[in-house]
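Note that the structure is a prediction, hence the values are computed from the model and not measured. Computed over heavy atoms, backbone and side chain alike; hydrogens, waters and symmetry mates excluded. Quick note on labels: first sequence line is chain A, next is B, and so on, each numbered from 1.
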Protein chains: 2
Amino acid sequence: MMSELSPKERRSRRTRQAILIAARDLIAQGGYEALSMRKIARRIDYSPAGLYEYFDNKDQIVAAVCRQADGLLERYMRRVDPNLPVQERLVELGLAYVRFAEKNPELFLILFTRTDQAPSEPSSSRETSGSFGLLMATVQDGIDQGVFHTGQFDAFPVSYACWAFVHGMAMLRITALKNFEAPYQPVNRWALETFVNGLAGD
Amino acid sequence: MMSELSPKERRSRRTRQAILIAARDLIAQGGYEALSMRKIARRIDYSPAGLYEYFDNKDQIVAAVCRQADGLLERYMRRVDPNLPVQERLVELGLAYVRFAEKNPELFLILFTRTDQAPSEPSSSRETSGSFGLLMATVQDGIDQGVFHTGQFDAFPVSYACWAFVHGMAMLRITALKNFEAPYQPVNRWALETFVNGLAGD
DNA sequence: GTAAAATGCCGAACAGTGTTCAGTTTTTTA
DNA sequence: TAAAAAACTGAACACTGTTCGGCATTTTAC
């Protein structure tokens, strides 16, 4: 099988992971501006130059952190009970999205702020994996079941609209409304239900 | 009246404005990372240290640019015909918001990304001035006219929900979907109409 | 009009940043 | 055990925001 890793490979992976953990923690604590190669190096007892054996540059580290954050976001959304009626499921998916942003504001911010290297297509727009794929599969479910009547629009643009709604809630919460405490959850739930009911009740 | 400004004051204001224009242009061109005190200084033929006669630090310059951008956003929204029926007016306000973001992506991004110095209250939540105030006045209009039935929620949370919707559209457009060309406007219009109809149709 | 004070502006410096590169040490390969 | 490769470092380069001492210029006060 030859699937066992060499000690060298094991060490290398461990160091890579240590770098990513340090980077993630630094970001989670003080945002992107608090992240520096020298701080990462200090945390893992390396010289700054040593990091370049594992990543080409700082951007690659941030990109890797973002991939992990994206996975975490998906896990948040996968916790939603897939046996719920489509309408409720859609609402819960949205609330899970917002919850992730609330609990990981700095990660969320960096995940959706890195304007460089944006994909030319929404992640997994044709698969059921990835957070957007999960959303779209649910919307497709609603259409297939005859619950949603979306006229000329198919699952993709409808999913985009749902995404935009919850993305706005998440973003405002951690930026413009950061210092404005309020019971957001009930309003968010009501707003999403209103929209989803609009999808259902043609 | 004594409203005339001294030559000194006139010069000072002109220089201040030149700094802000240079800063705005640099941001509009290459985003926040392309903005530096030295580049601003070079553009207006000053030494970097000279800028500190007009602004305490870089953040103050960015804050001033953001204030101007906010004014521009409001102008976008004020172009919406106030004589339209509330439902259409609300939709058009949202589309104007998205249009501003599309035309000024970097300014929009910096305007809603500066997580520091966020106000403790949404701008002008009780006035009809400011972009949010304009939105809320419209929502209040719909409630007063008996067009919107928002149950337990008053104009403020409803306006927040509208804001979140269009903010998500705007944000996704210039970040995650930056490289994904598609006819967004029809979908955005349809999605907003669906939501607004949900507000209207009890 | 002249002296004094305030303002405007600059060069140089400090501490910080990402990144590169010549070497040195350590580990793997043959 | 010798040669090759990988891992790691210190020093440097070109940037960054900001501060400070000093030089002009302009404004104020008499």
Residue pairs fulfilling salt bridge (charged side-chain N to carboxylate O under 4.0 Å, His left out) with at least one residue in residues 79-89 of chain A, sequence neighbours excluded | R89(A)-D141(A)
Who are the side-chain hydrogen bond (donor to acceptor under 3.5 Å, both in side chains) partners of R13(A), not counting sequence neighbours?
-> E9(A)
Roughly how many Å is it from CE in M37(A) to C1' in dT17(C), rounded to a whole number?
-> 11 Å
Can you label the angle between the F112(A) ring and the F108(A) ring as parallel, tilted or perpendicular, going by 30° and 60°?
-> tilted
Using the heavy-atom set of chain A and a strict 4.0 Å cut-off, write down the first and last nucleotide of DNA chain D that makes it in, 5' to 3'.
-> dA6(D) to dA12(D)
Within residues 17-36 of chain B, the residues having a heavy atom closer than 4.0 Å to DNA chain D are L35(B), S36(B)
Check: F55(A) ring centre within less than 6.0 Å of Y46(A) ring centre | no
Please list, chain by chain and in numerical order, all residues satisfying ring pair (Phe, Tyr, Trp, His ring centres under 6.0 Å) with Y184(A), sequence neighbours excluded.
-> Y160(B)
With sequence neighbours excluded, what pairs up with F148(B) under the ring pair (Phe, Tyr, Trp, His ring centres under 6.0 Å) test?
-> none
Show each protein N/O and nucleotides 7-14 of chain C N/O combination with a separation under 3.5 Å, one pair to a line.
from: dC9(C); atom 1: OP1; to: Y46(B); atom 2: OH; distance (Å): 2.8
from: dC9(C); atom 1: OP2; to: Y46(B); atom 2: OH; distance (Å): 3.2
from: dC9(C); atom 1: OP2; to: Y54(B); atom 2: OH; distance (Å): 2.3
from: dC10(C); atom 1: OP2; to: S47(B); atom 2: N; distance (Å): 2.5

Specify the separation, in whole Å, of atom NZ of K58(A) and atom C1' of dG16(C).
-> 12 Å
Side-chain polar contacts of residues 14-34 of chain A - donor-acceptor pairs under 3.5 angstrom, sequence neighbours left out - could you list them?
from: T15(A); atom 1: OG1; to: R11(A); atom 2: O; distance (Å): 3.0
from: R16(A); atom 1: NH1; to: Y54(A); atom 2: O; distance (Å): 3.0
from: Q29(A); atom 1: OE1; to: R43(A); atom 2: NH2; distance (Å): 3.3

Could you tell me whether the side chain of T175(A) and the main chain of M171(A) form a donor-acceptor pair under 3.5 Å?
-> yes
Not counting sequence neighbours, list each pair that qualifies as a ring-ring contact (aromatic ring centres under 6.0 Å, His included) and has a residue in residues 56-94 of chain A.
-> Y76(A)-F100(A)
Which pairs, with at least one residue in residues 93-111 of chain A and sequence neighbours excluded, count as a salt bridge (charged side-chain N to carboxylate O under 4.0 Å, His left out)?
-> E102(A)-R173(A)
What is the distance from CD of E9(B) to P of dA6(C), rounded to the nearest Å?
-> 18 Å
Quick one: stems for DNA chain C, with Watson-Crick or G-U pairs under 3.5 Å, at least three in a row?
-> C:1-3 with D:28-30, C:5-27 with D:4-26
Rounded to whole angstroms, how far apart are CZ on F55(A) and P on dT20(C)?
-> 16 Å
All pairs passing salt bridge (charged side-chain N to carboxylate O under 4.0 Å, His left out) where residues 158-168 of chain B contributes a residue, at least two apart = none
Assign the ring pair F165(B) / F195(A) to parallel, tilted or perpendicular, where the plane angle (0 to 90°) is split at 30° and 60°.
-> perpendicular
Specify whether W163(A) and F132(A) have parallel, tilted or perpendicular ring planes, treating 30° as the upper limit for parallel and 60° as the lower limit for perpendicular.
-> tilted
